[in-house]
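What follows is one structure encoded as structure tokens, with my remarks underneath.
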Amino acid sequence: ASRDVCSGEILQTQRRFDLNLSVPDYLRMIEMKTAALFAAAAGLGARLNGVPQNVQDAMHSFGMKLGTVYQIYDDCLDLVGDEKKVGKTLRTDLIKGKLTLPILYLLMDATDAQKQKLNKMLLQGEPMDTSILAGIADYEGAIERAVKFAQNMLDEAVAELVCLTDT
């Protein structure tokens, strides 16, 4: 997990401002950076408790999916959250060149003119607040699409838990 987290951080740094980043690339990065820790915690917890291998594998998979969902949700909060409620500085991912799932969806759905405007803002580091983003493509739809993706993965994660006994 430590190796994966470090490799994921390096990969994310290398892919900053990379407008060719794909959704599978993004998912792989967050699996390495965040989900690997969740998977290690869930999988090792099962292993230390001596449960059968199939349960250990299911718990590892549960942790991987839950960690991925957590990161997607955190990425959405970075764009639309309220700093007072969230308790941390928001809207920093784009400034740092981190393309997250909602932004990738926004880029995929944008017209050519909207993509050019968004690409220019990303590459030139122009300030982007939600009012600017709201005028590009279907910003709210991109957020909703990312949340729906996360919800579906969360449902998959919960399905991994059917192997557990009722305790």
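Keep in mind that this is a model prediction, so the values were computed, not measured.
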*Side chains of Asp155 and Gln151: donor-acceptor distance under 3.5 Å anywhere?*
yes

*Could you verify whether a donor N or O on one side chain and an acceptor N or O on the other, from Lys33 and Gln71, lie under 3.5 Å apart?*
no

*Keeping to residues at least two apart or across chains, list the ring pair (Phe, Tyr, Trp, His ring centres under 6.0 Å) pairs with something in residues 84-121.*
none

*Please name the pair of heavy atoms, one in Ala1 and one in Ala40, separated by the smallest distance, quoted to 0.1 Å.*
CB-CB, 3.8 Å

*Does Asp74 reach the main-chain N or O of Tyr70 with its side chain, forming a donor-acceptor pair under 3.5 Å?*
no

*asked:* If I take atom CG from residue Leu77 and atom CD1 from residue Ile72, how far apart are they, to the nearest 0.5 angstrom?
replied: 12.5 Å

_Rounded to the nearest 0.5 Å, what separates atom OH in Tyr73 from atom CG in Leu154?_
11.5 Å

*Could you please spell out the steps behind the side-chain contact (heavy atoms from CB on, under 4.5 Å) verdict for Leu21 and Met29?*
CA-CA 11 Å; Leu21 186 73; Met29 278 193 303; 3.8 Å; yes

*Stepwise side-chain contact (heavy atoms from CB on, under 4.5 Å) check, Ile30 with Thr100*: CA-CA 10 Å; Ile30 66 172; Thr100 59; over 6 Å; no

*Find out whether Thr13 and Ile10 are in side-chain contact, i.e. whether some heavy atom of one side chain is under 4.5 Å from a heavy atom of the other.*
no

*How about Leu99 and Arg16: do any of their side-chain heavy atoms sit closer than 4.5 Å?*
no

*First locate atom CD of Glu31, then atom NZ of Lys65, and finally report the distance between them rounded to the nearest 0.5 Å.*
10.5 Å

*Beyond-backbone contact of Asp109 with Arg145, side-chain heavy atoms, under 4.5 angstrom*: yes

*From Glu156 atom CD to Met64 atom CE, the distance as rounded to the nearest 0.5 Å*: 13.5 Å

_Close side-chain approach of Val51 to Gln56, heavy-atom, < 4.5 Å_ = yes

*Side chains of Asp75 and Lys98: does their closest heavy-atom pair fall under 4.5 Å?*
no

_Leu27 side chain near Phe149 side chain, heavy-atom distance below 4.5 Å_ = yes

*Evaluate side-chain contact (heavy atoms from CB on, under 4.5 Å) for Leu66 paired with Met153, printing each intermediate quantity in order.*
CA-CA 8 Å; Leu66 184 63; Met153 184 169 280; over 6 Å; no

*Out of curiosity, Leu101 CG to Leu106 CG, how far, rounded to the nearest 0.5 Å?*
11.0 Å

*Do Val23 and Met108 touch side chain to side chain, with heavy atoms closer than 4.5 Å?*
yes

*Non-hydrogen atoms of Gly8 and Met32 that approach each other most closely*: N-CE, 3.6 Å

